[in-house]
A.B. asks: 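Structure in structure tokens, see below.
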Amino acid sequence: MSTAPHYEIDPQAFWSDPYPDLAEMRKETPIAFVPQLGATLFTRRDDIFTCEKNVEVFSSDQPDGLMNVLMGQNMMRKDGEAHMAERKLYYPAVSVRAVRGVWKEQFEQHARTILDALEALGRAELVEHYAMPLSAQSLKSMTGLVNMRFEDMDAWSQGMIDGISNYGGDPETEKRCHEATAGIDAAIDDMLPVVCNKPDQSLLSVMLEAGMPMESIRANIKLTISGGQNEPRDAIAGCIWAMLTHPDQMALLRDGSITWQQVFEEYCRWISPIGMSPRRVAKAYEFGGVRFEPEERIFFMFSSANRDERLFDDADRFDATRDTQKSIPFGAGPHFCAGAAASRAMVADVALPAIFDRLEQMRLEDNEPVRVGGWAFRGPLNLPVVWSS
């Protein structure tokens, strides 16, 4: 165990709102062992930015980690040449060029279809009826698993997310994760002859054509679904919620002072949809006055880094005019999120302008509060709105 000071949390309170504890840790114990999580947390942005790049010590290769055990070893859980070799085969399907040339148009088609069905209703719960289906339909297109229902895409993503953050070892949570991975494997099996017969730009087809081993293809498809569904879903809903509760920011957007891209970047700083990334200590090391021992579990807390007072003034405030260049919602170093361009396009270029243009005078329901939860992954749990139909 490291020599880091201990910091106790109430797990339920931390899930509901981790920011008070993270602020206290940044101030008093910036590197702290949290017994309830069984991990040492890094909470300051510059420490995380530095150490995440030091893969010889803070390794993503976690043979006994929950992601490897439950989903198979994907490129996110590999370092060095092994990571870069898989990333090189994966990236052409999600590159900026692919997003602009192939995926953005499909994102727009999915958004139009969903909004066509919503517009006349006058009210809806937007996590379930907009953010979730738009993210899921877009991800079906990108992965090549168009044989799935979008409801299954979301449910299986959540099942895997719950599984890989199941540090308490709840057997029902693990069971749901296994059911999710089995469903994805079956969907892959169904689509293999289709993309082999007619290759396309999807991840499944691109990785097959590049000769990636089938075991790695399966693991990387599951990785994509686990993060690629919830992060855009939560960012879409979260950005809508943020703008509806900050009329000053909406006014700035309407008069052209800020862009949807700035809204997205600031939201991902303010409420990090992906709040942390785990690492394994590969060898004895000392940093920040703390001695680390091999095989310790480390959590790099992106959510804390993005509210670090040393870099962001009034960091708890949502302000899309601020400079967000120092925020790290997609990580840093060799494991920077490969799907960042797709996420930015789906949310900022498509989902947000589409819904605010179509649903006139959209506002929150008066009688149902918006609930936000999570610390490893965080976002609105509901988003009830009304508009002029």
Side-chain angles (χ1 to χ4, degrees), residues 75-76 84 86-116 130-146 150 153 157 191 195 198-210 212 217 220-221 223-225 227-240 253 256 258-269 273-274 320 324-325 327-332 334-358:
M75 64 180 181
M76 188 176 173
M84 293 308 299
E86 283 194 14
R87 190 182 183 100
K88 183 178 180 181
L89 302 183
Y90 176 103
Y91 186 67
V94 296
S95 66
V96 172
R97 181 178 181 180
V99 170
R100 291 175 178 170
V102 179
W103 304 126
K104 184 183 175 185
E105 182 180 354
Q106 295 196 32
F107 299 162
E108 291 169 342
Q109 291 173 351
H110 294 315
R112 280 195 298 270
T113 300
I114 295 166
L115 288 170
D116 284 347
Y130 185 63
M132 185 269 278
L134 177 52
S135 180
Q137 295 286 20
S138 299
L139 194 57
K140 284 172 56 180
S141 298
M142 293 186 70
T143 58
L145 301 185
V146 294
F150 75 81
M153 178 68 79
S157 172
M191 289 305 299
V195 296
K198 190 177 180 180
D200 56 29
Q201 190 65 36
S202 71
L203 277 163
L204 179 58
S205 183
V206 166
M207 289 189 289
L208 276 170
E209 288 288 298
M212 184 182 290
I217 290 174
N220 284 310
I221 290 284
L223 166 67
T224 304
I225 292 173
Q229 167 62 10
N230 74 298
E231 189 275 339
R233 178 198 67 200
D234 294 347
I236 291 167
C239 286
I240 296 170
L253 181 86
I258 58 174
T259 65
W260 283 119
Q261 192 66 53
Q262 287 173 279
V263 170
F264 172 73
E265 299 293 347
E266 169 63 358
Y267 178 78
C268 290
R269 181 207 64 82
I274 298 177
T324 59
Q325 291 184 73
S327 66
I328 50 174
F330 293 105
H335 289 281
F336 181 83
C337 177
S343 181
R344 288 183 167 115
M346 189 193 309
V347 181
D349 295 344
V350 176
L352 298 178
I355 193 168
F356 279 92
D357 287 348
R358 287 282 293 274

A.B. asks: Is there a donor-acceptor pair under 3.5 Å between the side chain of T224 and the backbone N or O of N220?
C.D. replies: yes
A.B. asks: Who are the side chain to side chain contact (heavy atoms under 4.5 Å, CB included) partners of T259, not counting sequence neighbours?
C.D. replies: Q261, Q262
A.B. asks: Say whether, by atom type as modelled, one donor and one acceptor occur between the side chain of S157 and the main chain of M153 under 3.5 angstrom.
C.D. replies: no
A.B. asks: List in chain and number order the residues that pass side-chain hydrogen bond (donor to acceptor under 3.5 Å, both in side chains) with N230, two or more places apart in sequence or in another chain; answer none if no residue qualifies.
C.D. replies: none
A.B. asks: Apply salt bridge (charged side-chain N to carboxylate O under 4.0 Å, His left out) to E231 and list each qualifying residue two or more places apart in sequence or on a separate chain.
C.D. replies: none
A.B. asks: When rounded to the nearest 0.5 angstrom, what distance separates CG in L223 from OH in Y90?
C.D. replies: 6.0 Å
A.B. asks: For D116, which residues count as a salt bridge (charged side-chain N to carboxylate O under 4.0 Å, His left out) partner, sequence neighbours excluded?
C.D. replies: R358
A.B. asks: Applying salt bridge (charged side-chain N to carboxylate O under 4.0 Å, His left out), name anything that partners E265, two or more places apart in sequence or on another chain.
C.D. replies: R344
A.B. asks: Taking only residues two or more places apart in sequence, or in another chain, which ones meet F150 in a ring-ring contact (aromatic ring centres under 6.0 Å, His included)?
C.D. replies: none
A.B. asks: For residues 92-106, pull every pair meeting side chain to side chain donor-acceptor pair (under 3.5 Å), keeping only residues two or more places apart or in separate chains.
C.D. replies: Q106-S141
A.B. asks: So, using side chain to side chain contact (heavy atoms under 4.5 Å, CB included) as the criterion, who are the partners of P232 when residues are at least two apart?
C.D. replies: S135, S343, M346, V347
A.B. asks: Not counting sequence neighbours, which residues clear side chain to side chain contact (heavy atoms under 4.5 Å, CB included) with A93? List them please.
C.D. replies: L203, V206
A.B. asks: Which pairs, with at least one residue in residues 199-210 and sequence neighbours excluded, count as a salt bridge (Lys or Arg N to Asp or Glu O under 4.0 Å)?
C.D. replies: none
A.B. asks: The criterion is side-chain hydrogen bond (donor to acceptor under 3.5 Å, both in side chains); which residues satisfy it with Y130, sequence neighbours excluded?
C.D. replies: none
A.B. asks: I'd like to check the side chain to side chain contact (heavy atoms under 4.5 Å, CB included) partners of L208; sequence neighbours left out, ordered by chain and number.
C.D. replies: L192, V195, C196, L204, M214, I217
